[in-house]
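This report refers to the structure that appears directly beneath it.
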2 protein chains.
Amino acid sequence: MEYPTSFLRSELVKKGIRPTYQRLKILELLHKKDTHPTAEEIYQILSPEIPALVKATIYNTLHTFVEAGLVRVVNINENELRYDSTIANHGHFKCKSCGAIFNFEINIDGMPFNGLNDFEIVEKNVYFIGFCPQCLNNQPKSIKKEKNGK
Amino acid sequence: MEYPTSFLRSELVKKGIRPTYQRLKILELLHKKDTHPTAEEIYQILSPEIPALVKATIYNTLHTFVEAGLVRVVNINENELRYDSTIANHGHFKCKSCGAIFNFEINIDGMPFNGLNDFEIVEKNVYFIGFCPQCLNNQPKSIKKEKNGK
DNA sequence: GTTCCTGCAAAAGCTTTGCAGAAGA
DNA sequence: TCTTCTGCAAAGCTTTTGCAGGAAC
């Protein structure tokens with residue numbers, strides 16, 4: 001998928017966020033990468049292109065985006081925050097071996113549940129944990145014993 | 001629910017974990033409290049009872065429990081790790097206002113999904129975010145505008 | 001020109017690690 | 001007695017904050 005600058009720019013302007021170069025690049029990356037990068041990963045990817053870029057800016061930018069509802073924080077085990085720009089109904093699958101996060105289709109709103117009668121539900125999330133096909137192929141014997149991908 | 005020391009003790013011994021006083025207290029707390037306390041909260045609760053207790057011990061103990069499969073890490077938005085001793089099939093609901101986490105019934109294994117054909121699924125999780133009845137009653141007008149409970 | 005953002009550096013917060021003494025087997 | 005755990009202190013990471021110069025409007 002391609003995201004022209006004009007599209008990204010209007011996405012920001014619509015929310016009252018100044019479309020600076022850094023913000024456009026970070027938003028573009030979040031749209032392109034579907035692996036839900038961490039702040040650190042965003043830094044690693046954009047740093048060569050924007051040498052002056054600093055992590056504080058990435059953190060500030062991500063906060064701005066989250067507050068505006070442009071991206072969502074995905075947070076699956078481990079102590080790390082990942083960011084997701086797809087707000088549609090989907091589940092997240094995290095590979096215990098390589099740590100990658102995949103989207104998959106699931107009708108979250110169709111799931112029956114009990115015990116939240118007087119609660120107001122704002123957001124529903126589903127996440128699975130296991131092993132991705134690539135990791136299963138690479139180490140079919142030992143993979144089950146691995147603790148995590150760190 | 002009451003958890004006699006002998007029960008807790010055997011739970012640990014079964015997993016090959018030495019049933020020290022600190023570990024028994026932490027495990028007991030995780031069973032009693034269904035709000036999925038953080039390491040910090042565990043420290044706050046047990047500190048008066050065990051003045052010498054130190055956070056490093058709590059972190060180490062929680063790691064030990066997680067590795068043994070006695071407790072699970074629950075991790076819903078925000079940058080904090082919570083621990084859950086109930087391993088059965090249930091969802092977690094996090095209140096945006098007070099930050100408390102509630103369990104609710106949901107048949108996770110019954111949910112249909114697509115796009116994970118060659119994946120090996122080890123664990124399935126569901127979490128909802130919204131407002132709990134208590135917070136809805138306390139501030140029925142302003143609650144929707146609140147960002148989070150921090 | 002004014003407002004707001006970025007980069008930089010320093011601080012803050014949470015978690016981990018190394019080690020000596022204490023507790024458990 | 002031997003092994004393993006706890007408490008303590010220090011280190012390590014990630015994230016946040018304050019401020020001056022710079023970019024956006």
Side-chain angles (χ1 to χ4, degrees), chain A residues 5-6 8-27 36-44 46-68 70-71 73-83 99 147-148 150, chain B residues 5-6 8-27 37-44 46-68 70-71 73-75 77-83 99 147-148 150:
Chain A
T5 309
S6 58
L8 298 170
R9 186 178 293 273
S10 76
E11 246 193 320
L12 292 178
V13 173
K14 242 185 291 179
K15 299 282 186 176
I17 301 171
R18 279 195 184 170
T20 66
Y21 180 65
Q22 292 83 344
R23 286 171 174 175
L24 288 169
K25 287 308 238 177
I26 293 171
L27 186 59
H36 314 305
T38 61
E40 174 66 33
E41 285 166 1
I42 293 171
Y43 177 73
Q44 294 300 337
L46 293 182
S47 211
E49 226 177 316
I50 316 168
L53 187 66
V54 151
K55 279 200 212 162
T57 299
I58 295 174
Y59 282 111
N60 291 336
T61 301
L62 291 171
H63 286 170
T64 306
F65 288 177
V66 170
E67 284 205 10
L70 278 173
V71 310
V73 180
V74 178
N75 188 320
I76 301 181
N77 276 340
E78 316 289 324
N79 193 8
E80 60 179 17
L81 299 179
R82 290 179 173 273
Y83 296 86
K147 286 272 161 47
N148 66 56
K150 262 261 174 76
Chain B
T5 309
S6 58
L8 298 169
R9 186 178 294 273
S10 75
E11 246 193 318
L12 293 178
V13 172
K14 242 186 290 179
K15 300 281 186 176
I17 301 170
R18 278 196 184 169
T20 66
Y21 180 64
Q22 291 85 341
R23 287 170 174 175
L24 288 169
K25 288 308 239 178
I26 293 172
L27 186 60
T38 61
E40 175 66 33
E41 284 166 2
I42 293 171
Y43 176 73
Q44 294 301 336
L46 293 182
S47 211
E49 227 178 315
I50 316 168
L53 186 66
V54 151
K55 279 199 212 163
T57 300
I58 294 174
Y59 283 111
N60 291 335
T61 301
L62 290 171
H63 287 171
T64 306
F65 288 178
V66 170
E67 284 205 10
L70 277 173
V71 310
V73 180
V74 178
N75 188 320
N77 277 339
E78 315 289 325
N79 193 9
E80 60 179 18
L81 300 179
R82 290 178 173 273
Y83 297 86
K147 285 273 161 48
N148 65 57
K150 261 257 174 80

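Lettering follows sequence order; numbering is per chain, from 1.
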Can you tell me how far the CD1 atom of B:Ile58 sits from the CD atom of B:Glu41, to the nearest 0.5 Å?
11.0 Å
Proximity to the side chain of A:Ala52 - top-ranked nucleotide from C:dT6, C:dG7, D:dC8:
C:dG7
Heavy atoms, side chains only, cut-off 4.5 Å: are A:His63 and A:Glu67 in contact?
no
Heavy-atom side-chain contact between B:Thr20 and B:Thr61 under 4.5 Å
no
In whole angstroms, the gap separating P of C:dC14 from CD1 of B:Ile42 amounts to 14 Å
Do B:Pro19 and B:Leu8 have side-chain heavy atoms sitting under 4.5 Å apart?
no
What is the separation between atom CZ on A:Arg23 and atom P on D:dA24, rounded to the nearest whole Å?
11 Å
In whole angstrom, give the distance that lies between atom CD of B:Glu67 and atom C1' of D:dT4.
15 Å
Of the options C:dT6, C:dT16, C:dG24, whose atoms approach the side-chain atoms of B:Ala56 most closely?
C:dT16
Find which nucleotide of DNA chain C each of A:Pro51 and B:His63 is nearest to by heavy atoms, and output the residue with the more 5' nucleotide.
A:Pro51
Stretch residues 10-18 of chain B: residues that reach within less than 4.0 Å of DNA chain D through a heavy atom
B:Arg18
Just to confirm, is there a sub-4.0 Å distance from OP1 or OP2 of D:dT6 to any side-chain nitrogen or oxygen of B:Thr20?
yes
Where the side chain of B:Thr57 is defined as all heavy atoms beyond and including C-beta, which of C:dC5, D:dG7, C:dG7 is the nearest nucleotide?
D:dG7
Find out whether A:Leu62 and A:Ile42 are in side-chain contact, i.e. whether some heavy atom of one side chain is under 4.5 Å from a heavy atom of the other.
yes
To the nearest angstrom, the CG-P distance between A:Leu24 and D:dA23 comes to 16 Å
Here the distance between atom C1' of C:dC5 and atom CG of A:Leu27, to the nearest Å, is 16 Å
To the nearest angstrom, how far is B:Lys55 atom NZ from D:dA10 atom C1'?
15 Å
Can you name the closest pair of heavy atoms from B:Arg18 and B:Arg23 and give their distance?
O-NH1, 3.1 Å
For C:dG7 and A:Gln22 - does any side-chain N or O of the residue sit under 4.0 Å from the phosphate oxygens OP1/OP2?
yes
Take atom CD1 of B:Ile58 and atom P of C:dT16, then tell me their distance rounded to the nearest Å.
13 Å
Selection from D:dC5, D:dA24, D:dC25 that lies nearest to any side-chain heavy atom of A:Pro19:
D:dC25
Between C1' on C:dT16 and CD on B:Glu40, what's the gap in Å once rounded to a whole number?
16 Å
Taken to the nearest 0.5 Å, the spacing of B:Leu12 CG from B:Ile26 CD1 works out to 10.5 Å
